[in-house]
Amino acid sequence: MQDIYNATSLGYLNSAQALADYAEIILHLKRNLSADASPVIVIGGSYGGMLAAWFRLKYPHIAVGALASSAPLLYFDDITPSDGLHSVVTNNFREASENCYNTIKKSWSEIDRIAVHQDDGLDTLTEKFQTCEPLEDGDELELKAYLEFIYITASQYDDPPTYPVNQICNSINAAAARGDDIIDRIASAVNFTRRGENSGQCLDLSSELRPSDDAVDGLNWLWQACTEIFMPIGRETNETMFQAEPFDTDSYTQRCHQLYQGARPRPHWITTYYGGHHIRMTLERFASNIIFSNGQRDPFSVAGVLTNISPSIVAVTTRQGSHCLDLLPARINDPRWLVVQRNIEVGIITGWIRNYYNDLRIFSSEM
């Protein structure tokens, strides 16, 4: 298992290889299941959504269609504004509560003030956020990175019926109503997000921010982010609720080298190999049978395909939806708009399959 962390082995971990592997597996299954004439629809979400769309483009003879859910295909090569993700997160929190938005926006400078200028300020932050280790000089950066992670994750997975963004804002607003200061309000939101199995435990910032050891979600994904899945996500100005921190290619590259000795970011590779610039013209001319589904509360939707491109390349969007929500199992209390979204997708895919079998009969009769 340790071989997967070897740079030589990780060299095979790229999207083109993944697509080729899927192609081999699908053809193998069709041969061994006597299903040569059976149509295949590829479905994926997030990175898997990008793979689904790219598979349809690269292997149209194997897959007759693709459903690409929450696929940020356009977050490469400066096609999408760097701060697009943070802008969506900001809009979600501001829509939930203006007071909540203002509290978060003011909290960053307040953390800096306490950490740098207040006597025993780091001790104060340690106590308020209940960190496992006493905060030292510079650790406020880790604390702020953790808070940013909380807000982005809540927005990305702002699923019904719980709606984490509303819950975080409710916690902040309740603390404000008690007369708590800004930092105590933010701390109350952190405590809320850590309820359940983490309730009552100290906050281990190094553990929370450290890449997972899981082979899929951890270091292996970072390898791809440090090579081909190069998304220049930053905060160019103070227009969002986050502090400005423009994306820095040099520092990003340096961090990748620290993680993987052989990593070499390729910022232009995805658009070179799959396209991305002039996406409407390209897909209208050369592609068909792709559904791009997005929930517009998902921060990554800013880099998705959000409008129809042709009769068979369609965008199915929901204003209230979140990341890959349409791919989750149906529940009895799903909101009506989510049920409608899934029904639309199923209807489109059903039409692709019907057309495939009609074409198969026509071409078979001509042979």
Side-chain angles (χ1 to χ4, degrees), residues 14-16 18-19 42-58 60 65-92 152 155-157 221 224-237 239-240 246-249 252 265-310 312-319 321-327 341 345:
N14 59 76
S15 59
L19 297 182
V42 290
I43 298 173
S46 196
Y47 169 60
M50 294 192 288
L51 289 180
W54 292 336
F55 193 94
R56 172 60 183 164
L57 294 175
K58 294 293 184 180
L67 169 56
S69 176
S70 301
L73 290 159
L74 305 180
Y75 229 138
F76 301 100
D77 218 359
D78 298 323
I79 299 172
T80 295
S82 177
D83 59 0
L85 179 147
H86 291 87
S87 294
V88 175
V89 176
T90 297
N91 291 339
N92 290 343
I152 291 175
S155 187
Q156 184 173 350
Y157 299 102
W221 168 249
Q224 288 190 271
C226 280
T227 51
E228 60 169 355
I229 309 297
F230 185 93
M231 296 184 177
I233 299 173
R235 305 182 296 278
E236 300 301 317
T237 68
E239 293 302 311
T240 71
F247 182 82
D248 186 331
T249 299
Y252 185 90
R266 307 174 71 187
H268 310 296
W269 174 243
I270 290 296
T271 54
T272 299
Y273 193 70
Y274 299 110
H277 295 287
H278 312 295
I279 189 73
R280 172 175 290 276
M281 181 179 68
T282 302
L283 292 184
E284 187 172 7
R285 288 184 174 184
F286 302 111
S288 63
N289 291 8
I290 303 175
I291 300 170
F292 292 105
S293 67
N294 282 279
Q296 291 180 294
R297 295 186 68 79
D298 174 19
F300 284 99
S301 68
V302 73
V305 176
L306 302 178
T307 58
N308 294 340
I309 291 178
S310 73
S312 69
I313 302 178
V314 297
V316 179
T317 62
T318 56
R319 182 180 175 276
S322 51
H323 197 66
C324 303
L325 183 60
D326 55 328
L327 298 189
Q341 179 187 18
E345 294 166 1

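Bear in mind that the values here come from a model prediction, so they are computed numbers and not experimental data.
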Inset, instruction - Flag the pair S293 / E345 as yes when at least one side-chain heavy-atom distance between them is below 4.5 Å, and no otherwise. - result: yes
Inset, instruction - Apply the side chain to side chain contact (heavy atoms under 4.5 Å, CB included) test between S87 and each candidate in L85, T90, D83; give the one that qualifies. - result: D83
Legend entry - Non-hydrogen atoms of M231 and P72 that approach each other most closely: CE-CG, 3.7 Å
Inset, instruction - Scan side-chain atoms only and decide if T318 and R297 contain a donor-acceptor pair under the 3.5 Å cut-off. - result: no
Legend entry - Side-chain donor/acceptor of T80 to backbone N/O of L74, under 3.5 Å: yes
Legend entry - Distance-minimising heavy-atom pair for S15 and L51: CB-CD2, 3.9 Å
Legend entry - Side chain to side chain, D78 and P232, heavy atoms closer than 4.5 Å: yes
Inset, instruction - Report yes if the side chains of L67 and L327 come closer than 4.5 Å at any heavy-atom pair, otherwise no. - result: yes
Inset, instruction - Look at the aromatic rings of Y75 and F300 and report parallel, tilted or perpendicular, splitting at 30° and 60°. - result: perpendicular
Inset, instruction - Write down the atom of A71, the atom of N294, and the distance for their closest heavy-atom approach. - result: N-OD1, 4.2 Å
Inset, instruction - May I ask you to test the S69-F292 pair for a side-chain heavy-atom distance under 4.5 Å? - result: no
Legend entry - Derivation of the side chain to side chain donor-acceptor pair (under 3.5 Å) call for R266 and T272: CA-CA 10 Å; R266 307 174 71 187; T272 299; over 6 Å; no
Legend entry - Check: R56/S288 side-chain N/O donor and acceptor closer than 3.5 Å: yes
Legend entry - is_close_aromatic(F230, F76), centroid dist under 6.0 Å: no
Inset, instruction - Indicate the atoms forming the closest heavy-atom contact of G295 with S301, along with that distance. - result: O-CB, 3.4 Å
Inset, instruction - Spell out, as yes or no, whether a donor-acceptor pair under 3.5 Å connects the side chain of T271 to the backbone of H268. - result: yes
Legend entry - Parallel, tilted or perpendicular: ring planes of Y274 versus W54, cut at 30 and 60 degrees: parallel
Legend entry - From CA spacing to verdict: side chain to side chain donor-acceptor pair (under 3.5 Å), Y47, Q224: CA-CA 11 Å; Y47 169 60; Q224 288 190 271; 2.8 Å; yes
Inset, instruction - Taking S155 for its side chain and I152 for its backbone only, find out whether a donor-acceptor pair lies under 3.5 Å. - result: no
Legend entry - Sub-4.5 Å side-chain heavy-atom contact between I290 and I309: no
Legend entry - Residue E239 excluded, over 12 heavy atoms near CD under 6.0 Å: no
Inset, instruction - Say whether, by atom type as modelled, one donor and one acceptor occur between the side chain of N308 and the main chain of V314 under 3.5 angstrom. - result: no
Inset, instruction - Considering non-hydrogen atoms only, spot the tightest contact between I229 and W221 and give its length. - result: CG2-CH2, 3.7 Å
Inset, instruction - May I ask you to test the E284-M281 pair for a side-chain heavy-atom distance under 4.5 Å? - result: no
